[in-house]
Amino acid sequence: MTREFDLVVIGVGMASVNAARKCASAGWSVAVIDELPYGGTCALRGCDPKKMLRRGAEIIDGAARMEGNGVTPSGLKIDWRELVAFKNSFTAKMPDRIETGLESQGITTFHGRARFCAEDALELEDGSVIRGGKILIASGAKPRSLDFEGAGHLTDSTAFMELDTLPDRIVFVGGGFVSFEFAHIAARAGSEALIIDHGDRPLKAFDPDLVDRLVQRGRKAGVGFQSQTEICSVEASGRDFRVTLSKDGHEETVSANLVVHGAGRVPMLDALDLEKGGVEWTESGVSVTEHLQSVSNPGVYAAGDAADTAGAPLTPVAVIEGKVAASNMLKGNKTKPDYHGVPSAVFTIPELARVGLSEKKAQARGNARTEFNDTSGWYSNLRVGETCAAAKVIIDDDTDEILGAHLLGPGYSELINIFALAMQTGLKSAGLKRLTTAYPSIASDLGSML
């Protein structure tokens, strides 16, 4: 049996949903296929559920910071099972809500694995074939394979968020978003958390000076960190694990109840038989033009984590690329994704956020100045008892344009959006200084940061 559609979308994340809806609203017949529950990583296994778990950690940490200032935090603790149930109250509804929303727009949904069987067709597990005038690959990403002995013992972030109880000792492998965010949650829930990173510094996309401050703040909260350390092996020992580490030629073994994979993700493409579709790809994703069209098969486009683009693997970038791909499929290749001024944040406690150029890259351009402020003593942080907060804003001395902003502090993931707005709209430093804000709010610190 063969069915034909104007557009067939592989994946059910933010890129695919946005593209499917845009094309369906233009009158195209659209099909969406995925073997996973509808909703994608962000809604079900990533950003959204993670931040719901973080809420418990925020309360614990906030109470601890106010000890001696009118709050007695003793006895306050996280009930992990209840916190996970709170998270599930959101995620459990999302697959049906998203699938129903797609179907209400006339989009046909399929469940199961799809593989290319021709340049314009996909075969489902039941043997049926779906042919598309256009095909969009937005299949997302999966944890990268690790090659040390015992790597199969590791738990991924999806399974971590479903744990009934949180173990006493947890080792997180890798120094990226997943490890830092979950380690900060686990520490506030009473676990001993240790992050192991093979590089010389973690969170490489973020300002190194602010990352150093975050690492020190994490240590005070119970988040251990070791850099330039390799995992040699993970060995099961009863219900626990023995993790052998190597640093500077010396080995040591640490014991853990759980070892979590936080060492990055790769595009989820290897099961799609892309070669049969004439689609070129690398470990970075589907090889695409600046219009997100496959370089080898003009009927195929790719977006989000599945595409090899200049965009960072972020939800807002997937949204941008999904819309651009849809526009180009509908109207011809006229639109390119604009990644200028896209902010990102690591939801540790406190949170770390950035937008634009790093200080190093800005200085390499010349005529850039950095406005640095240790904001830990400022009223907005003093009020909540936070002693770790700082801001770097990088400004072009010639044009007064904001080239980048790097923030560490409570609520700064919201503040970074104002800097992003300024960059996206061309609002200069002088104009941002003139902004009248509610007082006393975190945004009222903007003028002083500039």
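Residues take their numbers from the sequence shown, with the count starting at 1. Only heavy atoms go into these numbers, but all of them, side chains included; no hydrogens, no water, no symmetry mates.
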Partners meeting ring-ring contact (aromatic ring centres under 6.0 Å, His included) with Phe372 (sequence neighbours left out): none

My understanding is that only residues two or more places apart in sequence, or in another chain, count here; which of them pass side-chain hydrogen bond (donor to acceptor under 3.5 Å, both in side chains) with Glu414? none

Scan for salt bridge (Lys or Arg N to Asp or Glu O under 4.0 Å) pairs involving residues 421-445, sequence neighbours excluded, and state none if there are none. none

Val12 side chain near Ile98 side chain, heavy-atom distance below 4.5 Å: no

Gln293 and Asn333: side-chain donor and acceptor closer than 3.5 Å? yes

Does Phe177 have any ring-ring contact (aromatic ring centres under 6.0 Å, His included) partners at least two apart in sequence or in another chain, and if so, which? Phe206

Holding to side-chain hydrogen bond (donor to acceptor under 3.5 Å, both in side chains), I want the full list of residues that pass it with Glu181, two or more places apart in sequence or in another chain. Lys50

Tell me, please, which residues at least two apart from Tyr412 pass ring-ring contact (aromatic ring centres under 6.0 Å, His included). none

Across all chains, not counting sequence neighbours, the side-chain hydrogen bond (donor to acceptor under 3.5 Å, both in side chains) partners of Tyr379 are none

Decide, yes or no, whether a salt bridge links Asp156 with Lys142 under the criterion of side-chain N to carboxylate O below 4.0 Å. no

What residues form a side-chain hydrogen bond (donor to acceptor under 3.5 Å, both in side chains) with Asp400, not counting sequence neighbours? none

Taking the inter-plane angle between the rings of Phe241 and His153 on a 0 to 90° scale, is it parallel (under 30°), tilted (30 to 60°) or perpendicular (over 60°)? tilted

Any salt bridge linking Lys87 with Glu162? Criterion: basic side-chain nitrogen under 4.0 Å from a carboxylate oxygen. yes

From Lys336 NZ over to Thr289 OG1, what is the distance, rounded to the nearest 0.5 angstrom? 9.5 Å

Quick note, salt bridge (Lys or Arg N to Asp or Glu O under 4.0 Å) partners involving residues 374-388, not counting sequence neighbours, are Arg65-Glu386, Arg213-Asp374, Arg217-Glu386

For residues 347-359, which residue pairs qualify under salt bridge (Lys or Arg N to Asp or Glu O under 4.0 Å), counting only residues two or more places apart or in two chains? Arg54-Glu351, Glu359-Lys392

Is any side-chain heavy atom of Ile137 closer than 4.5 Å to one of Leu274? yes

Could you go through Asp209 and His406, starting from their C-alpha distance and side-chain angles, then the distance that decides it, and tell me whether this counts as side-chain contact (heavy atoms from CB on, under 4.5 Å)? CA-CA 10 Å; Asp209 297 330; His406 305 269; over 6 Å; no

Using the ring-ring contact (aromatic ring centres under 6.0 Å, His included) criterion, which residues pair with Trp80? Sequence neighbours excluded. Phe160

Mind checking the CD1-CD1 spacing from Ile78 to Ile59? Nearest 0.5 Å is all I need. 8.5 Å

Atom pair CG (Asp197) and CD (Gln228), whose distance is rounded to the nearest 0.5 Å: 9.0 Å

Pairs meeting criterion salt bridge (Lys or Arg N to Asp or Glu O under 4.0 Å) with involvement of residues 92-110, two or more places apart: none

Would you say Ile394 and Leu357 make side-chain contact, with heavy atoms under 4.5 Å? no

Ile231 side chain near Leu245 side chain, heavy-atom distance below 4.5 Å: yes

